[in-house]
Amino acid sequence: MSVEGVAHIFGRVLEVGDVQADADFFVLGGDSLLATRVLSAVARDYGVELTFDDFAFSPTPAALAARIASVR
Amino acid sequence: MSLMEAFLGIAATCPRRPAIVHNGRPVAYAELARAVWAVADLVGPSPGAVGVLAAHNAGTVAAMLGIWAAGGTYCPVDPAFPAQRRQAMLAAAGCRSVLDPDDVPWPADDDGTPRGTLAAVDAERPAYILFTSGSTGQPKPVVTPRRAIATVTASLRDLFDLSADDRVLQFASLNWDTCLEEILPTLTTGACLVMNDDAHTGSFPRFLRLIERDGITAVDLPTAFWHELVHYLIEDRFALPPKLRLVVIGGESASPARLADWASLDTSRVRLLNTYGCTETTLITHAADLCGPQAKGGPDAYAPVPIGRPLPHVVQHIGVDGELSIGGPGLALGYRGLPEATEQRFTTIGGMRFFRTGDRVEPDADGVLIHHGRLDNEIKIRGIRVNPAEVEVHLAAHPSVGAVAVAPVTVADHVALAAYVVPRPHADLSTLDAELRAFLHDRVPRHLTPSRISIVDHLPHTATGKIDREFMRRQLP
């Protein structure tokens with residue numbers, strides 16, 4: 001469920017439609033500034049404060065959702 | 001008085017005052033001065049250009065000042081850049097040695113008096129070498145003389161209205177000139193420079209907690225980052241820390257919408273200062289108070305947002321085509337080893353030397369300049385100047401690339417780089433995107449790597465045979 005939530009955040013931030021669970025944020029056109037928006041949205045929706053480093057190692061909805069679940 | 005004399009004067013009169021607080025650990029002015037002399041000893045007298053693997057730490061600041069004390073030229077090189085790029089930078093700058101800030105000695109307090117003699121160096125000699133994007137694929141070294149950085153630092157102390165009570169965040173990468181706006185006015189005023197890893201995590205709650213916790217009074221942010229900060233403040237209704245009095249922005253055009261958002265927050269006591277300048281004209285040449293106690297009109301008065309008036313040390317000239325040229329003591333010496341490129345951009349107008357910025361401007365009724373884009377194809381990616389031709393040169397070097405064009409596109413309201421690649425017949429299209437990214441990863445810094453790579457059959461051309469960049473801008477998915 002949270003994979004879909006993160007995919008939705010990616011889609012909203014990048015202003016694209018459906019984002020696949022294994023789609024890389026940076027290949028979809030994301031950069032460090034847009035990444036800050038994802039991190040803010042994750043903090044808002046899941047109450048988890050992640051950093052660029054967390055995101056760089058988990059740049060897909062599936063990986064980032066797993067990262068969120070592991071720190072929650 | 002030189003920058004070094006000002007800094008050492010503070011170290012002598014207020015030795016225990018904190019010069020830098022790095023991740024909570026204070027470094028007193030006297031302690032920093034001792035490290036500066038130790039670096040000067042390490043590099044030896046008149047060391048020429050010295051490369052420094054610059055990062056957010058006190059050692060990098062000590063290295064810079066120590067190289068100046070010895071009479072040398074500071075040349076920061078980002079340790080995160082690909083090795084090939086770093087080698088090209090060191091060669092282009094003529095660096096004979098490279099200093100790792102982790103190797104900076106921090107001598108203990110002996111008799112309390114930092115010793116040493118400043119090398120007597122002519123003000124026209126280089127202070128530092130920084131790089132900008134060129135069209136040849138090679139980094140383009142800008143040589144800035146001591147006269148320029150000393151003049152501009154004094155000008156910025158006045159512009160920022162800095163006092164010894166200020167605590168200034170060190171946010172900018174140590175490899176671009178913006179960091180000198182943070183470091184030099186601060187350390188020549190007796191104020192404190194705050195370096196902290198929490199500033200660079202990408203998390204706004206952490207960033208704001210740092211400002212609050214460390215009592216930061218002034219920040220200097222890339223405009224693109226400030227846009228995101230405003231976004232966050234609006235969405236999360238987060239209040240600005242009470243001691244923050246000055247927010248300097250610069251690097252690209254400020255968005256009128258974000259400015260209106262900023263004004264709608266509780267920001268009336270915070271001075272929001274928009275700034276403009278080029279590496280070749282040293283840090284900041286123009287500034288405008290957009291919001292806060294010194295702003296003249298309301299934010300609604302600004303659409304587009306102005307870049308401001310020239311600072312007192314700046315001579316400006318606006319050509320018939322609207323191109324802004326800058327003269328005065330802030331001018332760089334030119335591009336090292338590139339006499340033709342230097343001649344092209346540094347020209348003489350009415351017997352005076354000027355730098356042609358390539359920016360088109362228009363003064364309003366009060367003489368405040370409005371920016372109207374570029375006269376060439378240069379763009380700003382997250383505040384960093386990028387010549388798309390440089391990215392094209394690197395991509396064209398890949399064996400599977402037949403033709404390539406690079407252009408700016410808008411991704412979610414900000415500018416990103418897009419590459420359009422026509423593959424050679426033998427190219428494996430299923431892996432080309434990943435191959436090209438890996439190829440660039442080994443050769444160029446991140447800001448020169450396109451966010452999007454599109455494989456196309458042919459590049460669109462205009463009637464005159466040039467690549468149609470406007471067409472590409474409209475076509476991107």
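Letters A, B, ... mirror the listed sequences (proteins, then strands); counts begin at 1.
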Other residues, nucleotides, ligands: >12 heavy atoms within 6.0 Å of Arg374(B) CZ:
yes
With rounding to the nearest 0.5 Å, note down the distance linking OG in Ser32(A) to NE2 in His200(B).
12.5 Å
For Arg452(B) and Leu14(A), the nearest pair of non-hydrogen atoms, with its separation, is NH2-O, 4.4 Å
Between Thr51(A) and Arg206(B), is a side chain to side chain contact (heavy atoms under 4.5 Å, CB included) present by the stated rule, with each step listed?
CA-CA 9 Å; Thr51(A) 65; Arg206(B) 276 184 207 222; 3.7 Å; yes
Does the side chain to side chain contact (heavy atoms under 4.5 Å, CB included) test come out yes or no for Leu33(A) and His227(B), once each step is laid out?
CA-CA 9 Å; Leu33(A) 284 169; His227(B) 286 158; over 6 Å; no
So what's closer than 4.5 Å to chain A heavy atoms on Tyr232(B): side chain, backbone, both or neither?
side chain
Non-hydrogen atoms of Gly30(A) and Ser451(B) that approach each other most closely:
O-OG, 4.5 Å
Val13(A) versus chain B, heavy atoms under 4.5 Å apart: side chain, backbone, both or neither?
backbone
Check whether any side-chain heavy atom of Val27(A) sits under 4.5 Å from a side-chain heavy atom of Arg437(B), and report yes or no.
yes
With rounding to the nearest 0.5 Å, note down the distance linking OG1 in Thr201(B) to CG in Asp54(A).
9.0 Å
Crowding at CG, Asp442(B) (>12 non-hydrogen neighbours, <6.0 Å):
yes
Which pair of non-hydrogen atoms, one from Glu49(A) and one from Pro205(B), has the smallest distance, and what is that distance?
OE2-CB, 3.4 Å
